[in-house]
Amino acid sequence: MDLHLRLLARMLEKNLIREIDTELIADEYNYALVAMTFEYAHATNDGKDTAPIIRKMFKHIKFICDYLKPNEIK
């Protein structure tokens with residue numbers, strides 16, 4: 001998670017993302033993806049379709065990226 005924090009802090013310095021609590025957004029990003037990774041592993045073990053979980057992961061990543069965009073870029 002430290003890498004995500006450093007990356008977000010650097011992006012903030014360069015005004016690539018809007019003013020945000022970088023620690024909070026890094027935690028939100030990481031914990032959600034960890035949970036979805038476990039969900040994926042369980043689905044794989046049970047022989048279930050993992051496509052819905054992968055779509056959920058991409059949807060989550062897009063949400064975070066859209067949330068971080070500076071207001072003038074949205």
Side-chain angles (χ1 to χ4, degrees):
M1 198 166 350
D2 190 44
L3 173 63
H4 291 119
L5 267 176
R6 289 195 319 264
L7 176 64
L8 288 169
R10 186 75 170 146
M11 291 174 75
L12 191 57
E13 285 173 15
K14 293 181 175 256
N15 295 316
L16 297 173
I17 59 174
R18 69 187 181 109
E19 192 71 34
I20 191 76
D21 180 340
T22 54
E23 188 171 350
L24 176 63
I25 202 73
D27 284 347
E28 290 299 323
Y29 175 81
N30 284 311
Y31 286 114
L33 283 180
V34 165
M36 286 182 251
T37 301
F38 283 126
E39 188 178 343
Y40 178 88
H42 285 289
T44 300
N45 271 350
D46 294 341
K48 294 182 180 174
D49 183 16
T50 58
I53 301 163
I54 293 169
R55 282 192 297 274
K56 190 187 324 183
M57 288 175 164
F58 278 101
K59 187 176 177 183
H60 176 70
I61 292 167
K62 183 181 180 332
F63 172 79
I64 295 292
C65 290
D66 287 346
Y67 184 75
L68 289 172
K69 286 180 185 175
N71 290 332
E72 63 273 4
I73 294 177
K74 284 188 178 178

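As the structure is a computational prediction, the values presented were derived from the model and not from experiment.
- You'll find the side chain of L16 stays beyond 4.5 Å of the side chain of R10, heavy atoms only.
- Linking ILVMFWY residues whenever their side-chain heavy atoms come closer than 4.5 Å, directly or via other members, places L7 and F63 in the same cluster.
- Annotation for I61 and L33: closest pair CG1-CD1, 4.3 Å, computed over non-hydrogen atoms.
- The only member of K62, R18, E28 that meets side-chain hydrogen bond (donor to acceptor under 3.5 Å, both in side chains) when paired with Y67 is R18.
- Going from atom CG of N30 over to atom CG of L5 covers 8.5 Å, rounded to the nearest 0.5 Å.
- There is no path of hydrophobic side-chain contacts, each under 4.5 Å, that joins F38 to I54.
- Note on F58: it clusters hydrophobically with Y40, by side-chain heavy-atom contacts below 4.5 Å among ILVMFWY residues.
- Y29 and H60 have parallel rings, their planes meeting at less than 30° on a 0 to 90° scale where 60° marks the start of perpendicular.
- For the atom pair CD (E39) and OG1 (T44), the distance works out to 10.5 Å, reported to the nearest 0.5 Å.
- Rounding to the nearest 0.5 Å places NZ of K56 at 6.5 Å from CD1 of I53.
- The minimum heavy-atom distance between T50 and A43, with the atom names listed, is CG2-CB, 4.0 Å.
- L8 is not listed as a side-chain neighbour of I20, based on a closest heavy-atom distance of 4.5 Å or more.
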